[in-house]
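This report concerns only the one structure given below.
Fair warning: this is a prediction, and the values are worked out from it, not measured in the lab. Below, read A as the first sequence line, B as the second, and so on, with proteins coming before strands; counting in each chain starts at 1.
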Amino acid sequence: MREYNIVITGVGGQGVLTASNILGWAALRAGHKVRLGEVHGMSQRFGSVISYVRFGEDVYGAMVPEGKADVLMSFEPVEALRYINYLKKGGMVVVNTSPIPPVQVSMGKATYPSIEEIKKVVEEDFKAKWIGFNAEKLALEAGHVVTTNTVLIGALTQVPEFPLGEDHVREVIRISVPPKAVDMNMKAFDLGIKAAKEILGL
Amino acid sequence: MAKVTDMVLWDKPGEKVLLLGNQAIARGALEANIAVYAAYPGTPSSELTDTMAMVAEKAGVYMEYSTNEKVAFETALAAAWSGLRAMTAMKHVGLNVAADTFMSAVGMGVEGGFVIMVADDPSMWSSQNEQDTRVYAKFANVPVLEPSSPHEAKEMTKYAFELSEKFKHMVILRTTTRISHARGDIELGELPEEIKQAKRKFGDFKKDSSRFVDVPSNARRFHPQILEKIEKIREELAECPFNWIEGKEDAKVGIIAPGLSYAYVKEALAWLGVEDVKVLKLGTPFPVPFKLVERFMDGLERVLIVEELEPVVEEQIKTWAFDKKLSIEIKGKEIVPRIYEMTTRRAVEAIAKFLGLEMPINYEELDEKYEKVKAMVPPRPPSLCPACPHRNSFYAIKKATKGKAIYPSDIGCYTLGLLPPLNAVDTTVAMGGSIGIAHGLSIAQNGAINESQRNEEKKVIVATIGDSTFYHTGLPALANAIYNRSNVLIVVLDNFVTAMTGDQPNPSTGQTPHGMGKQIPIEEVAKAMGADYVAVVDPYDIKKTYETIKEALEVEGVSVVVSRRICALHKIGEMRKKKEKWPIYYVNEEKCTGCRVCINTYGCPAIYWNEEKKVAQVNPTMCWGCGGCAQVCPFGAFETEGGEQ
Ligand code: SF4
Ligand code: SF4
């Protein structure tokens with residue numbers, strides 16, 4: 001495989017970096033060349049964040065070029081839209097549909113589009129497949145909102161032709177979370193898989 | 001996934017790990033047997049310094065968080081003079097702070113290897129300007145190494161020490177955000193015995209006043225010596241393992257790619273399916289090894305230089321080619337953008353244009369589609385954290401001045417006070433600049449308080465500055481304002497850490513990587529300097545903070561109010577580790593009148609507006625329990641019984 005590109009987005013503090021790190025390690029353990037590009041500093045303070053996960057034989061730069069992402073995974077619906085230009089034609093969007101309205105919206109200075117509107121842009125204008133569900137709710141079901149991360153990664157492994165094995169990714173999560181949180185995360189991972197399978201009709 | 005500290009110290013040569021570029025450099029420094037490391041944090045260089053802090057004791061390395069880049073530079077330089085391998089790191093603008101020592105010390109040379117890591121931030125993701133350190137290096141006649149991947153960054157660090165020692169000349173290791181903050185597969189090398197055994201190395205400074213005293217007679221001797229050394233280094237770099245020629249040997253077209261641009265060029269060529277080219281991968285943008293360039297140019301008719309930011313390599317090569325009367329077409333900044341960071345897309349665009357090829361993706365169409373989407377997406381700039389004490393300080397300042405003052409501010413998290421709804425930052429220039437600018441504004445508009453002629457119509461000026469910045473370059477500015485008698489209020493936002501770059505300690509914290517140092521209280525410094533009014537407040541008590549600021553504004557002269565409360569992000573991190581709980585606030589919907597005061601004047605990111613119910617609400621996963629909202633809401637709608645996290 002020449003390259004596989006994942007773009008992960010969300011709001012600072014949601015665990016975007018942790019998710020990309022987990023995927024990066026899974027790819028490294030699978031023997032790929034790996035590049036992760038991430039944001040630090042000021043932009044992490046509750047602003048919009050983006051990170052890049054790339055692996056394969058032929059990856060060099062840490063950023064995914066626009067129009068080249070196989071998957072766009074977003075922790076927040078509007079953040080999926082913000083970076084939709086990274087997605088390749090016919091790519092996949094894996095998104096947590098529970099919104100975090102920005103301050104500008106609360107102040108009445110900007111409007112927040114509805115989930116339906118966002119989905120429409122993804123499916124119609126960008127001809128991409130939409131795997132959208134409330135991952136936060138599933139995370140709470142698994143035990144804690146911090147597992148939203150794991151729920152989404154679980155769903156990601158169900159993307160058709162996803163090159164990293166489900167169990168392989170599961171193993172990396174198992175060794176990277178604190179021992180006490182393993183069961184909770186495994187449950188979250190399974191809930192993510194189930195949600196994606198339902199949407200994809202698998 | 002092992003811990004970063006473990007991986008950086010792992011005695012497992014050949015093992016592959018996933019590390020951040022900055023962490024890889026720290027590993028490289030350990031593999032090179034570094035003895036002394038000193039730096040002031042700055043994005044995107046900070047993780048190198050933090051990693052060194054984490055491993056220092058375990059590796060027998062002396063490490064300090066210095067108060068600014070110049071001091072850090074001098075600390076490491078003196079160690080290198082004493083024969084030790086030493087390193088300092090900073091962001092590009094940090095080199096401006098260190099520049100005085102940097103420019104003057106070049107000619108004195110070093111004994112132990114001295115490496116200056118400078119992290120540039122093209123596109124200014126977290127910076128106040130976009131400067132290219134390679135220009136500085138050329139100006140100072142210091143060689144620059146520029147990696148093309150995180151792994152190469154580690155290898156180059158080792159090489160940089162060797163090069164520096166061989167020529168007794170300082171060396172710059174220049175990264176950019178996309179190297180420093182990129183993670184890649186890193187192959188671990190051997191660690192020296194002394195590092196493995198955590199043996200602290202001590203140096204020996206040999207006095208030599210003809211070398212270490214920069215009086216004019218010595219300096220005059222240094223300058224020709226520096227130029228001579230650079231030419232010798234240029235010769236050496238023709239054989240540098242980080243420079244090479246690849247691709248089709250008899251191609252007529254060539255591409256020169258310095259540093260990270262090499263990565264983008266490789267991707268672009270593969271993407272475009274271009275094979276009929278020769279590539280010069282250049283890890284040493286200054287001095288350009290002309291011998292190697294000459295070999296590369298042999299047989300070429302056209303050359304494109306794909307380089308990020310300034311035409312540093314381009315100007316050297318064009319001048320050289322002109323002198324050699326080469327009839328090769330050389331293109332660079334005519335095609336490759338001179339502003340913002342290089343990307344694969346930009347490299348593809350430049351190469352396609354140069355070779356007259358079609359773009360593999362119709363970017364015009366994509367951009368057009370995306371323009372329409374952008375209109376739908378609300379902005380989400382970074383904001384001060386929930387429970388951030390700075391929000392309360394700004395809120396109190398704005399209230400006490402009725403929003404009518406001028407607010408010079410500084411570099412740190414609190415620069416975000418610029419954003420609505422606080423709008424409490426009018427100027428930010430450079431570290432420590434707030435106090436200097438406040439003083440200048442006061443002199444210009446009101447006059448000094450000891451001047452015979454003063455402006456009747458008094459303008460109120462309230463400067464804000466963080467604790468770390470105060471010790472960085474605020475100190476001389478404060479002395480100047482007090483001495484020259486301006487009329488300003490300086491609010492020092494003391495949260496005990498250098499928050500924006502990742503919670504590094506400073507003199508207000510007192511902690512050092514080797515244990516407890518000595519804490520220096522800011523109010524004592526202000527008093528000792530002779531400020532006309534000094535007070536300390538807790539910004540979590542908004543009313544008291546407001547009253548103190550009002551009182552300070554009555555005083556003529558320089559007033560200093562230290563607004564002290566630990567950084568919320570830091571505190572929450574500690575509480576999470578200790579599994580401690582904090583109260584979660586919620587809005588009593590009966591009491592909320594929908595006035596939006598909490599949103600429109602205070603703006604904690606955990607508070608949002610519920611359009612259906614027409615009430616404010618708290619996102620419980622974001623509330624860090626400071627109770628600021630409860631103090632701000634005129635109707636007492638924020639309550640806390642119940643939820644705990
Ligand atoms: S990191 Fe600390 S100082 Fe910065 S915004 Fe958050 S709470 Fe405030
Ligand atoms: S208590 Fe209020 S102001 Fe403080 S973090 Fe929670 S919602 Fe924000």
Quiz prompt | chain B contact via A:Q104 - which portion, at a heavy-atom distance below 4.5 Å | solution = side chain
Exercise. Applying salt bridge (charged side-chain N to carboxylate O under 4.0 Å, His left out) between A:E66 and each of B:K369, B:R346, B:R345, report the one that passes.
Key: B:R345
Practice problem: Select, from A:E117, A:K33, A:K89, the one with the greatest count of heavy-atom pairs under 4.5 Å involving chain B. | Solution: A:K33
Quiz prompt | Side chain, backbone, both or neither of A:E76 within contact of chain B (heavy atoms, under 4.5 Å) | solution = side chain
Quiz item: Given the options B:P44, B:G603, B:S148, B:P421, which has more heavy-atom pairs under 4.5 Å with chain A than any of the others?
Solution: B:P421
Exercise. Check B:V17 against A:W25 and note the closest heavy-atom contact, atom names and distance.
Key: CA-CH2, 4.1 Å
Exercise. Name, in order of residue number, those residues of residues 179-195 of chain A that have a heavy atom at a distance of less than 4.5 Å from a heavy atom in chain B; otherwise write 'none'.
Key: A:K180
Quiz prompt | Residue pair A:N21, B:L18: steps toward the side-chain contact (heavy atoms from CB on, under 4.5 Å) verdict | solution = CA-CA 9 Å; A:N21 227 331; B:L18 195 59; 4.2 Å; yes
Quiz item: What part of B:E152 gets closer than 4.5 Å to chain A, counting heavy atoms only: side chain, backbone, both or neither?
Solution: neither
Practice problem: Give, as side chain, backbone, both or neither, the part of A:E3 having an atom under 4.5 angstrom from any heavy atom of chain B. | Solution: neither
Quiz item: If you count heavy-atom pairs under 4.5 Å with chain A, which of B:V373, B:T344, B:I179 comes out on top?
Solution: B:V373
Self-check item: Which of A:V59, A:I100, A:V172, A:I118 touches chain B most, by non-hydrogen pairs under 4.5 Å
Solution: A:I100
Exercise. Write down the atom of B:M342, the atom of A:M63, and the distance for their closest heavy-atom approach.
Key: O-CE, 3.7 Å
Practice problem: Decide side-chain contact (heavy atoms from CB on, under 4.5 Å) for B:H181 and A:V39; before the verdict, give the C-alpha distance in whole Å, the side-chain angles of both, and the deciding distance to 0.1 Å. | Solution: CA-CA 7 Å; B:H181 289 169; A:V39 276; over 6 Å; no
Practice problem: Could you tell me which portion of A:L28 (side chain, backbone, both or neither) has an atom closer than 4.5 angstrom to a non-hydrogen atom of chain B? | Solution: side chain
Quiz item: Less than 4.0 Å between a side-chain N and a carboxylate O, is that true for B:D185 and A:R35?
Solution: yes
Exercise. Would you mind checking which part of A:K109 comes under 4.5 Å of any heavy atom in chain B, side chain (CB onward), backbone (N, CA, C, O), both or neither?
Key: side chain
Quiz item: Looking at B:A499 and A:R45, what are the two nearest heavy atoms and their distance?
Solution: O-NH2, 2.8 Å
Quiz item: Side chain, backbone, both or neither: which part of A:R2 has an atom under 4.5 Å from a heavy atom of chain B?
Solution: side chain
Quiz item: Is the backbone of B:P378 close enough, under 3.5 Å, to the side chain of A:R82 for a donor and an acceptor to pair up by distance?
Solution: yes
Quiz item: A:Y52 versus chain B, heavy atoms under 4.5 Å apart: side chain, backbone, both or neither?
Solution: side chain
Quiz item: If you round to the nearest 0.5 Å, how far is SG of B:C385 from CZ of A:F46?
Solution: 5.0 Å
Quiz item: Can B:R596 and A:M107 be said to form a side-chain contact (heavy atoms from CB on, under 4.5 Å), step by step?
Solution: CA-CA 8 Å; B:R596 296 209 210 196; A:M107 288 177 74; 5.7 Å; no
Quiz item: Side chain, backbone, both or neither: which part of A:V121 has a non-hydrogen atom closer than 4.5 Å to chain B?
Solution: side chain
Self-check item: B:Y608 versus A:S106, closest heavy-atom pair with distance
Solution: CA-OG, 3.3 Å
Quiz prompt | Carboxylate-amine/guanidinium proximity below 4.0 Å for A:K68 and B:E267 | solution = no
Quiz item: What closest approach, in Å, do B:L366 and A:F126 show between heavy atoms, and which atom pair accounts for it?
Solution: CD1-CE2, 3.8 Å
Self-check item: Side-chain heavy-atom pair A:K88, B:I361 within 4.5 angstrom cut-off
Solution: no
